[in-house]
Amino acid sequence: MAAMRYRRCLGVDYGADSVKIVELALNRNKDQQSLVIQNVCQAEIEAPHDAPDEVRRDAVIRTIRNLIKKHRIQTKQAVFSMPGQSVFTRKIRLPATAPDRLERIIKFEARQQIPFPPDQTDLQWQVFDRSSTGEYVDVLLVAIRKDLIEDFMDVVSRCGLQTVQISVSSFDLYNGKVFLDRGMPKGVIGKKGKRGARGKKGGLLGLKKGGDGKDEKETLEEELESLEEEMGGMDEYEEVKAYIHMGASTFDLAIRRQSSNSDQLGFVRSVPIAGNEMTKAVRDALGLGDFNEAEEIKKRRAKIVTPGFDDTDDEGGRYNLDACRALVKPVNRIVSELRRSLDFYISQPDGVSVDLLELSGGQAMQPNIVSYFEDKLGLPVADSAEFAEKEFIEFAGPQPEDFNPFSIALGQALSGMGLGQIDINFLPKSLKSAENRKKKYVLMMLMGIILFVMIVGSFNVGVEATRNYHSAASSFRKTIDRIQAFTNALSEAEKARKKVADQYANLAKALPPNNNFWFDLYRHILDARPAGQIALVRLEIDSLGKINILGIAPRLPTLTNFVNQLTMGPVADEYFAVNASGEKIITIEDDRMQHDPDMGREVIYFAISAQLNDSYSRWRDLPEETAAAVGNPAESEARPRGGGPANDTRTRPGAGEGGRPVPPWMRNRR
């Protein structure tokens, strides 16, 4: 468990349908320390279920900002989580050795285990000493592709919060559950704050004092300690719990091996089957067109039923029988994935059977799901523990009716405060460095004050002290000079940028009517690209007004989104031809999948054709005075006649945007 980082922290858990926030603060008093839950809130993400990625991202950011404003949340430090299904996790056992040598061994093992290229991977690990003899250690390897972190940071960096940790959803689930079971760690809780104390008369559980002045509990503890010493300090595992958090798009599984004095992470997994699959089944069974309507029926008028359920089981007509039956198939898929995960864990060398399943998450509130899981898995299943029974947790406001949906958000906030057992952080290194500088800021200020007092106090002591003072001042002056030089260079760059902007403005003013046709069309094509996801390789325009766009896309939905954006806007309405149905004549001619050596992965090389209407024939050569208007007449005379910007893109055969090699299938197109 990491050292205490912050006295206050937010856990922000956003998924496919909603955002959940838990605000924690450390409460210190004379007797003990406890956690105060300052805020617990959630809100639905206002975006269609099938909305594009950019639309959904904007909706997530807007929802988080509105929640913070509505509930007047002052804490800025926040922890977010990557979905467990996007992270590679592996546990390995290594011989105990010196830290630097162990690090080299871990990196070597990681290269053999992790399926991502090392230069495109962010690798994290945590070492656990589980051996009573000290001969080996258990290492938790966690890796993720760097591009996924970059996409994730594009969202969280715009939420108005200070991101202090990027964790993993399944680890946060584990951290939150272990904390609720174990209570405040010994390194944080006060001397009198013993875990489990109820403050009742007669001692814990009402045990009475014995004749020797010790109560029965103390005597029993001494006997147990003596017995453990006789057995060689054996650490018997008492219970194995499986925590399942069911959200909208995925469910997270974390298996915990719990003993009397330690906890061990046994297994984690995230599966992309959860509440949305259940909602789709209801929608299809009832023939509904609205996803939200099906979601409401699933919550209010459906329960998970066993085979043989009929009309007589629905007393009062509360449930929609077709919706109830529709839930069986997706729930059986979830049960099947759970059974596979449990069987896999048991098959491991150190795997043991699971004793208890504990459900949490929004879908855990679906009627009859607990008993259905018990029947299908043959294991006892329970809801999450009630917070009212945790004396080390307080609520600053009203306690929510159900804390089930907030299990991951709680684990996030605990991780940010340093109270999580699994401490994995995918925050980019640049932000980690900035965070470390902020932590050291107060200490540096104090050191500066002390240094100043020492210099002033020793001013009259001797010449040596005065010389040291001037040396320090000279060093500061050099630093100021370097900063000034950088400021001057920045000013010159700004002047150069303004000059280019003025030339562009003059060019726009000098263009005669209709001669900006190709500029508008080319800008429209660039603006239609999803930001940072589509690479244009080449544009071709033939004499019949047909334009071919060749490029690279990471996946088919992104390409489809690009084509949809091309058909929208005033430029598209004015320049593109339409068919008899009034639709723009824009088609995908080619979308083949191929390995890209630069990206190191499979991408889609595509070709899109679009038919222009007769407005392209209005273009004519720019007059020489147009080039002179932007201050470069020589360039106007050097440009070949009879071709616009689109023709210029063909002067570099075999090369695409940014000097990128063009695949042969694109290079040979006519």
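Both backbone and side-chain heavy atoms feed into the values below; hydrogens, waters and symmetry mates do not.
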Give a yes or no on whether the backbone of [Y] and the side-chain of [X] come within a donor-acceptor separation of less than 3.5 Å.
| X | Y | result |
| --- | --- | --- |
| N561 | P557 | no |
| N39 | V22 | no |
| Q412 | D13 | yes |
| T121 | P117 | yes |
| S491 | T487 | no |

Just to verify, what does [X] make a salt bridge (charged side-chain N to carboxylate O under 4.0 Å, His left out) with, not counting sequence neighbours?
| X | value |
| --- | --- |
| K20 | none |
| E337 | R269, R340 |
| E492 | K495 |
| D573 | K584 |

Hey, are [Y] and [X] close enough side-chain-wise for a donor-acceptor pair under 3.5 Å?
| X | Y | value |
| --- | --- | --- |
| Q484 | N488 | yes |
| Q124 | D122 | yes |
| E589 | S609 | yes |
| Q85 | T250 | no |

As an exercise, state the distance from [atom1] of [X] to [atom2] of [Y], rounded to the nearest 0.5 Å.
| X | Y | atom1 | atom2 | answer |
| --- | --- | --- | --- | --- |
| M246 | Q366 | CE | CD | 8.5 Å |
| L427 | F80 | CG | CZ | 11.0 Å |
| M82 | F426 | CE | CZ | 8.5 Å |
| T560 | D591 | OG1 | CG | 8.5 Å |
| D527 | Y522 | CG | OH | 11.0 Å |
| L173 | S81 | CG | OG | 10.0 Å |

Handout entry: Residues in side chain to side chain donor-acceptor pair (under 3.5 Å) contact with N579, at least two apart in sequence or another chain
Key = none

Practice task
Could you list the residues that satisfy side chain to side chain donor-acceptor pair (under 3.5 Å) with S157, not counting sequence neighbours?
Solution key: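 S157: no side chain to side chain donor-acceptor pair (under 3.5 Å) contacts found.
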
Exercise for the section: Using a cut-off of 6.0 Å, state whether more than 12 heavy atoms not belonging to R57 lie near its atom CZ. Expected result: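 Atom CZ in R57 is crowded, with more than 12 foreign heavy atoms closer than 6.0 Å.
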
Completion exercise
Exactly one of T558, I552, I534, L556 clears side chain to side chain contact (heavy atoms under 4.5 Å, CB included) with I604, and that residue is L556

Practice task
List the steps and the verdict of side-chain contact (heavy atoms from CB on, under 4.5 Å) for F88 and V142.
Solution key: CA-CA 6 Å; F88 174 85; V142 190; over 6 Å; no

Give the minimum heavy-atom separation between [X] and [Y], together with the two atoms involved.
| X | Y | answer |
| --- | --- | --- |
| V79 | G416 | CG2-CA, 3.5 Å |
| A143 | I114 | CB-CD1, 3.4 Å |
| L566 | A528 | CD2-CB, 3.8 Å |
| D252 | S169 | OD1-OG, 3.0 Å |
| Q594 | E602 | C-OE1, 3.4 Å |
| V19 | Y14 | CG2-CB, 3.7 Å |

Pairs where [range] contributes a residue and the test salt bridge (Lys or Arg N to Asp or Glu O under 4.0 Å) is met, not counting sequence neighbours:
| range | answer |
| --- | --- |
| residues 58-84 | D58-R158 |
| residues 40-49 | none |
| residues 547-558 | D53-R555 |

Exercise for the section: Start with the C-alpha distance between R601 and R145, add both sets of side-chain angles, then the distance that settles side-chain contact (heavy atoms from CB on, under 4.5 Å), and finish with yes or no. Expected result: CA-CA 12 Å; R601 61 176 178 175; R145 296 204 328 263; 3.9 Å; yes

Exercise for the section: With sequence neighbours left out, write down each residue that passes ring-ring contact (aromatic ring centres under 6.0 Å, His included) with F116, or none if nothing qualifies. Expected result: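 Residues passing ring-ring contact (aromatic ring centres under 6.0 Å, His included) with F116: none at all.
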
Problem - ring-ring contact (aromatic ring centres under 6.0 Å, His included) partners for F251, two or more places apart - result: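 Applying ring-ring contact (aromatic ring centres under 6.0 Å, His included) to F251 gives none.
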
Are any of the side-chain heavy atoms of [X] and [Y] separated by less than 4.5 Å?
| X | Y | value |
| --- | --- | --- |
| I144 | V168 | no |
| D17 | I45 | no |
| V156 | L161 | no |
| I608 | L559 | yes |
| Q162 | Q77 | yes |
| Q565 | P530 | no |
| I73 | C41 | yes |

Problem - Note: D322-R325 ion pair, threshold 4.0 Å (strictly below) - result: yes

Side-chain donor-acceptor pairs of residues 276-288 under 3.5 Å, sequence neighbours excluded:
{"unit_1": "T279", "atom_1": "OG1", "unit_2": "G275", "atom_2": "O", "d": "3.1"}
{"unit_1": "T279", "atom_1": "OG1", "unit_2": "E295", "atom_2": "OE1", "d": "2.4"}
{"unit_1": "T279", "atom_1": "OG1", "unit_2": "K298", "atom_2": "NZ", "d": "3.1"}

Exercise for the section: Run the numbers on T89 and F171 for side-chain contact (heavy atoms from CB on, under 4.5 Å), then give the verdict. Expected result: CA-CA 11 Å; T89 305; F171 295 157; 4.0 Å; yes

Practice task
For side-chain hydrogen bond (donor to acceptor under 3.5 Å, both in side chains), just list the numbers for S415 and Q165, CA-CA rounded to whole Å, side-chain angles, deciding distance to a tenth of an Å, and then say yes or no.
Solution key: CA-CA 8 Å; S415 298; Q165 184 170 344; 4.6 Å; no

Handout entry: Test log, rule side-chain contact (heavy atoms from CB on, under 4.5 Å), inputs F562 and I588
Key = CA-CA 11 Å; F562 176 41; I588 299 176; over 6 Å; no

